[in-house]
S.K.: 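Have a look at this one before I ask anything.
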Number of protein chains: 2
Amino acid sequence: MISQTAEYALRAIVYISQNPDVAQTAQQIAGKTHVPKGYLSKIMQSMARSGLVVSQRGLGGGFTLARPAKEISVLDVLSAADAPIQRIQRCPLGIKSHAGLCPVHRLVDDAIKQIEDAFRQANIEDLVNSTNGVKPLCEE
Amino acid sequence: MISQTAEYALRAIVYISQNPDVAQTAQQIAGKTHVPKGYLSKIMQSMARSGLVVSQRGLGGGFTLARPAKEISVLDVLSAADAPIQRIQRCPLGIKSHAGLCPVHRLVDDAIKQIEDAFRQANIEDLVNSTNGVKPLCEE
DNA sequence: ATCTTAATGGATATGTATATCTATTATCGA
DNA sequence: TCGATAATAGATATACATATCCATTAAGAT
């Protein structure tokens, strides 16, 4: 449903948001979120390039949020991590110029739109502050 | 969002439903739905094994629906084609026994559930009969 | 019986996502 | 200036989804 990469990115940004005062190294994030370190580094690079996080090299370096968690949507994170959720723009069979999608692809695209909207609404701060009895990332 | 395989399977079952009177060969279906023939054969095999379609070898053979289109949901097709849409059952970090998911995975799982429900509601007959101005599969 | 048609099953190829490794570059502290 | 830390970049490895190919099996037509 969402890629492994996107799931890792979400964990990382949530963890950074939970520890906003000091930069978190890829090593730290990887350990706490159970993500392979080398792979997480790549993902953090993507998020830095997308402007979600700021990276800092050297001692005391690591990653911090580039803007308030309230202003980062889940969709932002998924889009930064890998290819953004793709709406169906035109008929995948590509036969001819249609005004709209056929019912089959309309149904699928509507579902995609629902997800996209839900992830656009949700921001990281709300996620981190929300309490449903379990702290985000399942830490104790 | 849905795999290429699932998209192909949907096209195939819709095409069969549009031509219910005679068995459709993999060759015919592949041509009309723009799916690679060899690959479609594999997908049709899966759908036959799942009991969605009945296969018949030899001259005049091909594939027919195993039950009325009304009784085949889009979710049935997706599940038969490849791994079913996976809900998040427990914390992917697997740290400890929790009563429920943390807010992060709750959000993602809710989105998955929405999709699953939408695809469970939708049946193939409605899809084939629905007219939004464009015939299913974008044929003219 | 034999020929043709068409699904089946197994092996193989290709592409993309996931993951690892290493050398390099930047930054800090002493 | 030097050593340690940590991100960056590029190359490589692995797994899985997608796709092709071919020999085999089943069924109908003659």
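Order of the sequence lines sets the chain letters (A, B, ...), proteins ahead of strands, with each chain counted from 1.
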S.K.: Please state how far atom CG in Leu40(B) lies from atom P in dT18(D), giving the value in whole angstrom units.
M.R.: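 Those two atoms, CG and P, are 14 Å apart.
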S.K.: Above 12 or not: heavy atoms from other molecules or residues under 6.0 Å from CD of Glu71(B)?
M.R.: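 Counting other residues, nucleotides and ligands, CD of Glu71(B) exceeds 12 neighbours.
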S.K.: Does Tyr8(A) place a side-chain N or O at less than 4.0 Å from the phosphate oxygens OP1/OP2 of dT18(C)?
M.R.: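 No, no such contact exists.
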S.K.: Looking at the side chain of Lys42(A), which of dA6(C), dA9(D), dT18(C) is the nearest nucleotide?
M.R.: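 Nearest nucleotide to the side chain: dA9(D).
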S.K.: With heavy atoms under 4.0 Å as the rule, sort Lys37(A) into base, sugar-phosphate or nothing.
M.R.: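 Since no nucleic acid heavy atom lies under 4.0 Å of Lys37(A), the category is nothing.
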S.K.: Whether the Ser73(A) and Asn123(A) side chains hold a donor-acceptor pair (N or O, under 3.5 Å, no angle test) is what I'd like checked.
M.R.: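 The answer is no; no qualifying pair exists.
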S.K.: Nearest-Å distance, CG (Asp82(B)) to P (dT18(D))?
M.R.: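 It works out to 7 Å between those atoms.
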S.K.: Mind calculating the distance between CD1 (Ile43(B)) and P (dT8(C)) to the nearest angstrom?
M.R.: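 About 13 Å, once rounded to whole Å.
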S.K.: Report yes if a side-chain nitrogen or oxygen of Thr5(B) is closer than 4.0 Å to either non-bridging phosphate oxygen (OP1 or OP2) of dT18(D); otherwise report no.
M.R.: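 Yes, because at least one side-chain N or O of Thr5(B) sits under 4.0 Å from OP1 or OP2 of dT18(D).
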S.K.: Within residues 58-69 of chain B, which residues have any heavy atom lying less than 4.0 Å from an atom of DNA chain D?
M.R.: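 The stretch gives Gly58(B), Leu59(B) as the residues lying under 4.0 Å from the strand, ordered by number.
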S.K.: Can you tell which of dT27(C), dA11(C), dT8(D) lies closest to the side chain of Gln56(A)?
M.R.: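 The nucleotide sitting nearest to the side chain is dT27(C).
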S.K.: Roughly how many Å is it from CZ in Arg49(A) to C1' in dT8(D), rounded to a whole number?
M.R.: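 These atoms are roughly 9 Å apart.
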S.K.: I need the CD1-C1' distance between Ile16(A) and dA6(D), as an integer number of Å.
M.R.: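 Rounded to whole Å, this separation is 14 Å.
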S.K.: Can you tell me how far C1' of dA19(D) sits from CD of Gln4(B), to the nearest Å?
M.R.: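 Those two atoms, CD and C1', are 11 Å apart.
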S.K.: Just the rounded figure in Å: distance from P of dG28(D) to CZ of Arg57(B).
M.R.: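 Answer to the nearest Å: 12 Å.
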S.K.: Specify the closest pair of heavy atoms between Ser17(B) and Leu65(B), including all atoms of both residues, with the distance to one decimal.
M.R.: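 It is OG-CD1, 3.4 Å.
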S.K.: Using a 6.0 Å cut-off, check whether atom CZ of Arg67(A) has over 12 heavy atoms from anything other than its own residue.
M.R.: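 Yes, the 6.0 Å shell around CZ holds more than 12 heavy atoms from other groups.
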S.K.: For Asp109(A), is there an ion pair with Arg106(A) - N to carboxylate O distance below 4.0 angstrom?
M.R.: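 Yes, Arg106(A) and Asp109(A) are salt-bridged.
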S.K.: Can you find a side chain N or O atom of Ser55(B) that sits less than 4.0 Å from OP1 or OP2 on dT8(C)?
M.R.: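 Yes.
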S.K.: Just wondering, more than 12 heavy atoms not from Arg90(A) lying within 6.0 Å of its CZ?
M.R.: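 No, not enclosed.
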S.K.: Does this structure show an ion pair linking Arg120(B) with Asp76(B), if we count only N-O contacts that are shorter than 4.0 Å?
M.R.: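 No, Arg120(B) and Asp76(B) are not salt-bridged.
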S.K.: Find the distance Gln45(B):CD to dG10(C):C1' and express it as a whole number of Å.
M.R.: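 Between C1' of dG10(C) and CD of Gln45(B): 10 Å.
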